There are 2 protein chains.
Amino acid sequence: MTAKSAPTPRNTPAEPTDKLLHQFVGYNMKRAYMQIQDDMSETLAPLGLRIGTFSALAVVMGSPGISQTQLSQMLNIKRSGVVVVVDELERASVLERAPVEGDRRAYSLVVTPAGKRLWQKAEKAVQAHEAALFSGLNAQEVLTLQDLLGRAARSAGRQRRENSS
Amino acid sequence: MTAKSAPTPRNTPAEPTDKLLHQFVGYNMKRAYMQIQDDMSETLAPLGLRIGTFSALAVVMGSPGISQTQLSQMLNIKRSGVVVVVDELERASVLERAPVEGDRRAYSLVVTPAGKRLWQKAEKAVQAHEAALFSGLNAQEVLTLQDLLGRAARSAGRQRRENSS
DNA sequence: TATTGTTATACTCTATAACTATA
DNA sequence: TATAGTTATAGAGTATAACAATA
C-alpha cells in the first residue's frame, strides 16, 4: 500500500473487512432486510403508513372481517400490538372495527372505501419501489429469491418448533 | 384438526391469508429474517453472546486493531452504539481497548486469547445451526440465496444513496 | 475546527402481565 | 374457566445531540 489516507490504528489491515460475517446467511439476510426496510418506510410515509400499518391493511384487504386475534397470528405479533396498529388505522379512517354478531367480545375488521383507495395506491407504490430497488436483479432472479426466502423461513420455523417441543 | 375450532367472525374467509403481503420481497425477507434472528439468539445465548456482540467479535477477529469508528461503519450502527457493545465484550474479557500510538483519542480493538477461543466455538455453533436451519435447501440453493441477498442489499443501498443525493 | 469516544436521552417495535367484558 | 380486546409497563436496539479530550 502506498498512500494511507485516514489516520488508522497501526496494525490494522488497510481495509477492515466483515468477511467472517458474510459467510452467514443470517447476516446477509439482516443487511438486505435493513436496507429494504428503510426504503420501504420512506415509500410509505407520504401515504401516512408505516410498515406495520401497511402490513395490517394488506391482511385485512385479503381477509375482510378478520378478527384482531387472527390478525395478530397472521402478522406474528401479539394481540396487544395489534391494538395499536388498528387504533392508528381506524383513526385514519382506513378501517373499522365492526361488531361480530354472535360474539360481543370480538371485532370484525373491515377496510373502508377510503382505505381501499389507499391500499390501491400503497400497493402500486411499493410494487414500483421494489422494482426500482431490485433493478440489479432480473425477473427470474427475483422469483428465485422469493422462493428461497419462503422456503428458508418455513425451514427455520419448522426447525424451531421441533426444538421447542 | 378437522372441524372448525375457533368461533370465527361470520363473513370471514375460512382461512385468513397474507397473500397480498407475500407478493413483496420485503415482507418475505422480514419473515425469514425474524425466524433466523430468534434462532440465532438462542444459539448464541449459551456462549454469553448476542447477535450484536457476535457480529462485533467477528469483525474485530477479521480486522484486528480496528477502531471503534471503523467498527461502527462495518456494522452500520452509530459510534454510540458501538460503545455499549465493546463495553460488554471488554467486561467479558473477550476483547480489549488498546491505546493507538500516535492518536490518543482512538482505541485499537484487539481480541484476547480467551476471545479467540470463544470465537472458534461461536463460529462453529452458528455454522452448525445454520446448516440445520436450512436443511430444507440444498447446498447450491444456499449459495444462490447468499448471492441474491448480497446483490439485493447492494442494489437497494445504491438506490438509496442515489435518491438521497 | 474536526474527530474519537462517551454520555444522556428518546424513539420504535415488540413482549409480558394484569384487567374487563363477554363466552 | 377460557377467550377477545385492552392497558400499562418494560426491554432491546438504535438514533440524536451535546460533551471532553485530542488532533
Side-chain angles (χ1 to χ4, degrees), chain A residues 5-9 12 16 30-31 33-35 37-38 40-42 44-45 49-56 65-91 95-109, chain B residues 4-10 12 16 30-31 33-35 37-38 40-42 44-45 49-56 65-91 95-109:
Chain A
S5 56
T8 314
T12 308
K30 177 171 186 174
R31 284 295 266 265
Y33 173 60
M34 291 305 176
Q35 293 277 10
Q37 188 185 42
D38 290 346
M40 184 80 137
S41 298
E42 289 172 19
L44 292 172
L49 292 170
R50 297 175 297 105
I51 289 177
T53 51
F54 171 82
S55 303
I66 194 176
S67 72
Q68 292 188 189
T69 294
Q70 289 174 314
L71 180 54
S72 79
Q73 290 160 352
M74 299 304 295
L75 296 176
N76 275 319
I77 60 176
K78 298 294 167 188
R79 281 173 302 154
S80 55
V82 168
V83 174
V84 180
V85 169
V86 172
D87 278 353
E88 187 174 331
L89 287 171
E90 195 171 39
R91 227 178 301 116
L95 53 76
E96 283 176 1
R97 289 172 162 103
V100 172
E101 7 176 353
D103 190 343
R104 286 190 299 171
R105 295 171 304 178
Y107 289 123
S108 173
L109 301 176
Chain B
K4 217 177 187 177
S5 55
T8 312
R10 279 313 80 120
T12 306
K30 177 171 187 173
R31 285 296 265 265
Y33 173 61
M34 292 303 177
Q35 293 277 9
Q37 186 185 42
D38 291 347
M40 183 80 136
S41 298
E42 287 172 20
L44 293 173
L49 292 170
R50 299 174 298 106
I51 290 177
T53 50
F54 171 81
S55 303
I66 194 176
S67 72
Q68 292 188 190
T69 295
Q70 288 175 316
L71 180 55
S72 79
Q73 289 159 354
M74 299 305 295
L75 296 176
N76 275 319
I77 60 176
K78 298 295 168 187
R79 282 173 301 156
S80 55
V82 168
V83 174
V84 181
V85 170
V86 172
D87 279 352
E88 188 174 331
L89 287 171
E90 195 171 41
R91 227 179 300 116
L95 55 76
E96 282 176 1
R97 289 172 162 102
V100 172
E101 7 176 354
D103 190 342
R104 286 191 298 171
R105 294 171 304 179
Y107 288 123
S108 173
L109 301 175

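Please read these numbers as outputs of a predicted model, since none were measured by experiment. Proteins come first, then strands; the chains are lettered A, B, ... in the order of their sequence lines, and each starts at number 1.
- For DNA chain C, the neighbouring residues in residues 79-90 of chain B, judged by any heavy atom under 4.0 Å, are B:Arg79, B:Ser80, B:Val83.
- Between the P atom of D:dT6 and the CG atom of A:Leu109 lies a distance of 9 Å, rounded to the nearest Å.
- In terms of heavy-atom proximity, A:Pro16 sits nearest to B:Ile66 at CB-CD1, 3.7 Å.
- Bending across the helix from C:dT1-D:dA23 to C:dA23-D:dT1, expressed as the angle between its end axes from five pairs apiece, amounts to 10° (10° rounding).
- A:Val84 meets the side chain to side chain contact (heavy atoms under 4.5 Å, CB included) test with no other residue; sequence neighbours excluded.
- Judged by distance alone, with hydrogens and angles left aside, the side-chain atoms of A:Gln68 form no donor-acceptor pair with the main-chain N or O of A:Tyr107 at under 3.5 Å.
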B:Arg97 vs B:Leu109, test: side chain to side chain contact (heavy atoms under 4.5 Å, CB included). Steps then yes/no.
CA-CA 5 Å; B:Arg97 289 172 162 102; B:Leu109 301 175; 4.0 Å; yes
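- For the pair B:Gln73 CD and C:dG5 P, the interatomic distance rounds to 10 Å; values are reported in whole Å.
- One atom, CG of A:Asn76, and another, C1' of C:dT14, lie 12 Å apart when rounded to the nearest Å.
- When all heavy atoms of A:Leu71 and A:Val82 are compared, the closest pair comes out as CD2-CG1, 4.0 Å.
- Between B:Tyr33 atom OH and C:dC13 atom P there is a gap of 15 Å when expressed in whole angstrom units.
- Checking C:dT4, D:dG13, D:dA15 against every side-chain atom of B:Thr69, the shortest atom distance belongs to C:dT4.
- Using a 4.0 Å cut-off, some side-chain N or O of B:Lys30 falls inside it from OP1 or OP2 of C:dT14.
- At whole-Å resolution of the value, CE in A:Met40 and P in C:dC13 are 13 Å apart.
- In terms of phosphate contacts, B:Gln68 brings a side-chain nitrogen or oxygen within less than 4.0 Å of OP1 or OP2 of C:dT6.
- If you take CG of A:Asp38 and C1' of D:dG13, they are 13 Å apart, rounded to a whole angstrom.
- Contact detail for B:Val85 and B:Gly52: the closest heavy-atom pair is CG1-O, 4.0 Å.
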Report, one pair per line, the protein and nucleotides 19-23 of chain D atoms (nitrogen or oxygen only) whose separation is under 3.5 Å.
residue : atom : partner  : partner atom : Å
D:dA23  : OP1  : B:Arg104 : N            : 2.6

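- The distance from the CD atom of A:Gln35 to the CG atom of B:Asn76 is 7.0 Å, given to the nearest 0.5 Å.
- Annotation: ring pair (Phe, Tyr, Trp, His ring centres under 6.0 Å) contacts of B:Tyr33 (sequence neighbours excluded): A:Tyr33.
- Here C:dT4 presents its C1' atom at 12 Å from CZ of B:Arg97, a figure rounded to the nearest Å.
- When the side chain to side chain contact (heavy atoms under 4.5 Å, CB included) test is applied to B:Ser80, the partners found at least two apart in sequence or on another chain are B:Lys78.
- Atom CD of A:Gln70 and atom P of D:dT3 are 14 Å apart (whole Å).
- Of all heavy-atom pairs spanning B:Ser108 and B:Gly65, the tightest one is OG-CA, 3.2 Å.
- The minimum heavy-atom distance between B:Thr69 and B:Ser72, with the atom names listed, is O-OG, 2.7 Å.
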